[in-house]
Amino acid sequence: MSIKLLTQLSHFITMMFGIALGMTLSLLYQYLFKIFIFDLAPFIIFIVICSAFLRIFTIYIWKKNNFNFELFNEGVVKS
């Protein structure tokens, strides 16, 4: 798996956590104003579980392939 693909997957996972957080905040808002939509709870749980699994998978792949941030520092000129 290439480093570019892993980086894209990492950004996708962060986006999924953000979506789950936004949906949770919308449920909180609905609870405070007595508008109940219970159908969102399974989607939030599913998104969080998928995100956690993908995050663990990417960390495993990063460590397995010995990717580190020294790759990014090779092109940086140190003053």
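When a residue number appears, it is its place in the shown sequence, counting from 1.
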remark   = So CD1 of Ile61 and OG1 of Thr58: to nearest 0.5 Å the spacing works out to 8.5 Å
task = Check whether Leu54 and Phe17 end up in the same hydrophobic cluster, where Ile, Leu, Val, Met, Phe, Trp and Tyr are linked by side-chain heavy atoms less than 4.5 Å apart.
result = yes
inquiry  = Within the structure provided, determine whether Phe12 and Met16 are in side-chain contact (heavy-atom separation under 4.5 Å).
reply    = yes
request  = Consider only side-chain heavy atoms of I, L, V, M, F, W and Y, link residues closer than 4.5 Å, and tell whether Met15 and Ile13 are in one cluster.
outcome  = yes
Hydrophobic cluster identity match, Met23 and Leu25, side-chain contacts under 4.5 Å = no
side-chain hydrogen bond (donor to acceptor under 3.5 Å, both in side chains) against Thr24, all qualifying residues, sequence neighbours excluded = none
task = Rounded to the nearest 0.5 Å, what's the gap from OG on Ser26 to CG on Leu21? Could you check?
result = 10.0 Å
ask   = Is the closest side-chain heavy-atom distance between Leu9 and Phe57 below 4.5 Å?
value = yes
query = How far does CD1 of Ile59 sit from OG of Ser10, to the nearest 0.5 angstrom?
reply = 8.5 Å
